[in-house]
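Lettering of chains follows the sequences in order, A, B, ..., and the numbering in each one begins at 1.
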There are 2 protein chains.
Amino acid sequence: MTNTESKPGPMTGLMMDESLLISRQIEFAARFHGQVEVVTRTVEGPIQRSTWAEVARRSRQLAHALLDLGIKAGDRVATIAWNTQRHLELYFAVSGIGAVLHTINPRLPLDQLRYVADHAEDKALFFDLTFAKLAQFLAAQGTSLEHFVALTDAAHLDAAGPVPGVRDYETLLLGKPTDFAWPELDERSASSLCYTSGTSGNPKGVLYSHRSTVLHSYAAAMSDSLGISSHDVTLPVVPMFHVNAWGVPYAAAMVGSKLVLPGPGLDGKNLLELIESEKVTSLLGVPTVWLALLNHLNAVGRKLTTVEKVTIGGSACPPSMIETFEREHGARVLHAWGMTETSPLGTVNVLLPKHQDLDHAGQLAVKSKQGRPIFGIDLRLVDDDGVVQPHDGLTSGHLQVRGPWVASAYFKRDVDETHRDGWFFTGDIATLDPDGYMQITDRSKDVIKSGGEWVSSIDVENAAMAHPAVAQAAAIGVAHTKWQERPLLIVVPAAGKTLDKAELMAFLETRLVKWWLPDAIEVIDALPLGATGKVLKRELRERFAHYRLD
Amino acid sequence: MTNTESKPGPMTGLMMDESLLISRQIEFAARFHGQVEVVTRTVEGPIQRSTWAEVARRSRQLAHALLDLGIKAGDRVATIAWNTQRHLELYFAVSGIGAVLHTINPRLPLDQLRYVADHAEDKALFFDLTFAKLAQFLAAQGTSLEHFVALTDAAHLDAAGPVPGVRDYETLLLGKPTDFAWPELDERSASSLCYTSGTSGNPKGVLYSHRSTVLHSYAAAMSDSLGISSHDVTLPVVPMFHVNAWGVPYAAAMVGSKLVLPGPGLDGKNLLELIESEKVTSLLGVPTVWLALLNHLNAVGRKLTTVEKVTIGGSACPPSMIETFEREHGARVLHAWGMTETSPLGTVNVLLPKHQDLDHAGQLAVKSKQGRPIFGIDLRLVDDDGVVQPHDGLTSGHLQVRGPWVASAYFKRDVDETHRDGWFFTGDIATLDPDGYMQITDRSKDVIKSGGEWVSSIDVENAAMAHPAVAQAAAIGVAHTKWQERPLLIVVPAAGKTLDKAELMAFLETRLVKWWLPDAIEVIDALPLGATGKVLKRELRERFAHYRLD
């Protein structure tokens with residue numbers, strides 16, 4: 001072979017044409033940090049200690065088992081499972097053989113559970129015993145599912161209950177060869193499938209590729225991003241059924257981070273025990289789980305002693321939560337933003353050198369923004385007419401995003417209005433400042449339209465959350481004769497506290513401009529939450545639909 | 001468009017198909033960290049202050065200018081230039097329009113300079129005034145060069161001397177539009193070309209692609225790798241004519257690091273001044289430049305006050321240098337390994353959590369290794385017969401490497417014995433330990449073969465360098481009747497020090513096993529250095545070819 005370049009025009013570089021594949025991540029882990037630990041709180045109870053080398057060996061055994069079941073490249077294999085070592089093995093083995101890992105959110109209503117299994121045409125289901133009832137439900141429905149595997153051993157299989165042909169995971173792996181030649185796939189092949197659990201309509205499937213997943217893993221390991229590294233002991237509380245646990249399993253394999261998987265133990269007590277015993281340095285999850293952890297820490301009078309950083313995303317993080325982690329527990333908060341459609345990493349909030357001289361309040365103001373885009377992600381703002389808006393930190397607009405780990409369409413759906421001009425329409429309202437910091441001021445559908453101006457429901461909520469007697473807050477627009485809409489603030493009191501509405505309103509007056517102040521405050525016992533822990537404002541709007549402010 | 005999946009078999013993911021392009025890096029820099037500074041010590045003299053936004057604007061102007069000169073996609077555009085803002089603009093504009101940036105090492109002998117310009121079929125040459133003589137030489141040779149541009153302004157153009165049709169860079173840019181629509185290239189298109197200046201034969205060209213460059217940039221920004229970030233003030237002393245300055249210009253644009261470019265001021269005094277005045281936190285370069293900086297610091301009795309990390313590669317870093325930076329200057333040393341053929345990042349040395357409890361000597365032993373591979377890079381060891389060797393930290397073998405930023409062949413050359421079985425043969429002898437740390441023990445051609453065993457010339461040199469009276473050391477094999485070869489140690493005394501050979505030998509006896517001890521020591525004034533600052537052992541072997549040890 002001679003590489004003489006004779007023809008005119010563009011040339012191809014002479015670099016090795018290696019595909020970006022998920023199987024390379026687990027094999028890299030086995031070769032270069034095989035002794036690093038992977039620790040799981042199992043569904044059966046005990047703590048299970050393993051290593052990346054063993055996860056790789058078992059992933060190869062699982063690859064053989066999947067092929068023996070008749071799973072082919074392109075087939076969908078579903079999981080309903082916690083964050084555990086077995087789920088981790090499924091991440092690498094299913095994608096590794098060219099099949100598609102469909103991680104199902106167990107909190108979906110049954111009709112949507114049925115819908116996603118049907119829509120994905122799942123061929124096999126791997127489920128934790130916790131979710132045996134869901135497996136039984138799907139087995140009784142006559143879906144495309146041919147194989148049911150309980151993520152347990154033979155001794156615990158009985159707990160799976162009446163699921164026809166069910167077998168246990170450990171027996172499935174038993175005796176399989178521990179070596180496997182992973183296929184050289186096209187890097188654009190589908191690797192995993194995750195449905196967004198929107199608040200209305202049927203869930204929509206995002207179909208990730210090997211390429212998007214590996215590029216996203218590099219992004220997650222960047223120093224200015226999540227910075228996942230060999231130095232970290234990483235505990236993803238964000239579930240592996242939620243946007244691939246933000247890509248943590250892949251990135252951890254890539255860099256050789258010790259991985260601590262909490263299984264079903266997501267309450268404050270179980271988390272604290274695992275964090276302290278495994279010397280966890282890096283936590284990742286949504287605000288609601290941290291609320292539970294912080295409440296538990298407060299109740300038992302303890303501090304986190306090993307945690308260096310807490311990555312918070314999924315919904316806007318209240319500034320008061322950032323303060324509590326940083327001041328009381330010595331843990332740096334990384335505020336991040338993303339969506340199922342963005343793999344999910346879009347922006348991460350890291351302070352710049354210029355912010356080092358700011359006082360505490362000034363730094364907190366920067367940290368409360370969603371952060372700067374990671375290279376690969378491009379952001380822009382457009383108004384209602386699609387006109388691009390400036391990055392001045394003041395002008396808000398509809399946030400659009402593009403990049404190699406952003407969805408181009410939904411699985412088996414026509415391209416809709418969310419994908420136009422090569423940009424994905426996020427449904428968020430945001431600002432972008434000259435340093436690249438993006439701040440979400442609202443969801444497009446949640447923004448409160450008062451007299452032709454927009455009131456940010458999130459800003460009103462954050463102001464309320466700063467009050468010590470408020471545990472949770474939601475602001476919604478309520479119809480108003482003169483102003484079209486005006487804000488109604490709905491609050492849940494902190495445990496053991498009594499809320500004085502007048503006193504809370506006086507508190508808000510010191511924090512919000514006058515026309516953003518809620519016209520009324522309602523106190524309720526709990527906010528309605530969706531399958532991913534987000535507040536269902538649609539339900540609140542229905543409940544308070546006949547509320548009158550004028 | 002409907003994405004219904006009807007055909008059986010593998011599926012393609014539904015993620016945006018965005019190419020990995022160098023032009024996206026500079027546009028990202030302009031959009032999201034446009035205000036971050038780019039500072040240059042100019043060839044003309046003054047310090048020039050700019051920003052990423054301005055570098056982007058001028059890169060777009062340069063793109064217009066290149067097209068106006070008739071440069072087309074695939075054409076090679078050569079530079080002979082220091083690390084400056086103008087060179088940085090060439091990095092983005094030349095590759096951005098689809099042409100190929102050929103960075104020429106000004107230290108090449110004239111016959112090789114002529115060879116690479118001819119072999120690359122360069123169409124234009126951009127040169128710093130420092131190198132006017134080289135431009136004049138090439139202009140007089142009748143090469144393929146059609147355009148000569150001096151990297152200066154109209155006021156200084158006279159200094160370019162007799163170069164037919166020469167013009168100045170600033171006039172070339174004058175009045176060009178500041179916006180430009182970068183072409184959507186295939187990411188596998190060639191982006192830049194760098195010739196290895198081997199110690200024998202003609203230089204060989206490595207042809208990088210947009211894909212390899214962008215993936216390499218992600219690798220450079222990983223927390224476990226160089227960790228280039230927005231937090232850093234980065235000063236690459238490694239030249240932009242040497243393996244793309246280790247990819248720093250691209251990675252810095254990607255993350256928004258402040259970039260400080262030292263121009264021709266690479267001596268200790270100029271470097272120290274720039275480091276302190278710009279508050280540089282991150283330095284990158286080869287051991288020989290650090291030797292000059294450390295000697296200057298020592299001579300003037302000063303310490304580095306702002307530097308947090310020093311990345312050292314290009315040749316093995318003596319442990320004594322790591323100690324000096326860490327103990328005297330409070331700067332963490334990142335020992336890295338790579339080659340022109342590996343873009344160059346291959347391995348980076350970061351301590352693992354398990355090493356935190358080691359004592360100083362134990363940590364230094366780990367830090368003296370070349371480090372662990374970055375995901376994307378795969379390493380293996382083979383013996384003389386090509387049999388793969390274990391990762392036990394003891395067995396040495398020929399080091400082979402593969403990955404998406406490793407060369408698959410040399411430009412316009414037949415694939416040779418360095419590219420076999422999909423692996424690149426590095427020409428290094430190394431060990432790999434179970435944690436993934438690679439340690440180069442020698443070059444294949446430098447290893448000293450004594451009685452069927454290998455003596456590592458590098459280990460002998462490091463032992464000698466630890467002696468306070470030794471400035472530089474080289475160990476070579478000299479013919480020996482009984483043992484085939486035995487080590488001869490050649491040393492250069494430290495400034496103002498006198499070397500006592502017997503005392504040095506006694507010193508070595510405490511640090512080397514008996515059969516690795518040199519049979520003789522020779523003291524010379526200076527070691528012969530190649531174009532990239534590496535010791536030319538071939539010349540030493542020729543000079544001492546008739547030396548007799550028996």
Side-chain angles (χ1 to χ4, degrees), chain A residues 1-5 8-18 25 28 32-35 72-74 98 100 185 188-191 207-209 212 218 221-224 227-231 254-255 350 352-353 372-373 375 402-409 411-415 434-436, chain B residues 1-5 8-18 25 28 32-35 72-74 98 100 185 188-191 207-209 212 218 221-224 227-231 254-255 350 352-353 372-373 375 402-409 411-415 434-436:
Chain A
M1 187 170 87
T2 303
N3 296 289
T4 47
E5 191 262 337
M11 286 192 302
T12 299
L14 290 170
M15 306 305 281
M16 292 184 183
D17 202 5
E18 279 211 354
Q25 296 181 316
F28 186 82
F32 298 108
H33 31 253
Q35 298 176 357
K72 291 186 295 293
V100 178
L185 307 164
R188 288 179 170 80
S189 302
S191 58
L207 191 65
Y208 308 101
S209 69
S212 71
Y218 277 119
M222 284 169 71
S223 202
D224 275 343
I228 295 174
S229 81
S230 60
H231 164 85
M254 185 164 122
V255 301
V350 176
L352 296 175
R372 289 151 41 89
F375 176 76
R402 56 182 286 170
W405 55 85
V406 177
S408 59
F411 184 49
K412 297 202 298 182
R413 285 211 184 209
D414 291 344
V415 169
D435 292 322
Chain B
M1 188 171 83
T2 303
N3 296 288
T4 47
E5 191 262 338
M11 285 194 303
T12 298
L14 290 171
M15 305 306 280
M16 291 184 183
D17 202 5
E18 280 209 357
Q25 296 181 316
F28 186 81
F32 299 109
H33 32 255
Q35 298 176 358
K72 291 186 295 295
V100 178
L185 307 164
R188 287 178 171 78
S189 302
S191 58
L207 191 64
Y208 308 101
S209 69
S212 72
Y218 277 118
M222 283 170 71
S223 203
D224 276 342
I228 295 173
S229 81
S230 60
H231 164 85
M254 185 165 123
V255 301
V350 176
L352 296 175
R372 289 151 41 91
F375 176 76
R402 56 182 287 170
W405 55 87
V406 178
S408 58
F411 185 49
K412 298 202 299 184
R413 285 211 183 209
D414 291 344
V415 170
D435 292 323

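Taking every heavy atom of both residues into account, A:Thr12 and B:Leu207 meet most closely at O-CD2, 3.6 Å. The shortest heavy-atom contact between B:Arg402 and A:Glu18 is NE-OE2, 2.6 Å. In terms of heavy-atom proximity, B:Ser229 sits nearest to A:Asp224 at CB-OD1, 3.2 Å. When all heavy atoms of A:Pro404 and B:Met15 are compared, the closest pair comes out as O-CB, 4.0 Å.
Only the side chain of A:Ser212 has a heavy atom closer than 4.5 Å to any heavy atom of chain B. In this structure, chain B has a heavy atom under 4.5 Å from the side chain of A:Arg372, while its backbone stays farther away.
Between chain B and the options A:Ser191, A:Gly403, A:Pro434, the largest number of non-hydrogen pairs under 4.5 Å is found for A:Gly403. Options A:Gly436, A:Ser230, A:Gly34, A:Gly227 differ in how many heavy-atom pairs under 4.5 Å they form with chain B, and the most are formed by A:Ser230.
Taking the side-chain hydrogen bond (donor to acceptor under 3.5 Å, both in side chains) definition, one finds that B:Ser223 meets it with nothing, sequence neighbours left out. Residues forming a ring-ring contact (aromatic ring centres under 6.0 Å, His included) with A:Phe375 (at least two apart in sequence, or on another chain): B:Phe28, B:Tyr218.
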A:Asp17 and B:Arg188: side-chain contact (heavy atoms from CB on, under 4.5 Å), yes or no, with the steps?
-> CA-CA 9 Å; A:Asp17 202 5; B:Arg188 287 178 171 78; 2.7 Å; yes
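Note that CG of B:Asp435 and CD of A:Gln35 are 5.5 Å apart. Values are rounded to the nearest 0.5 Å.
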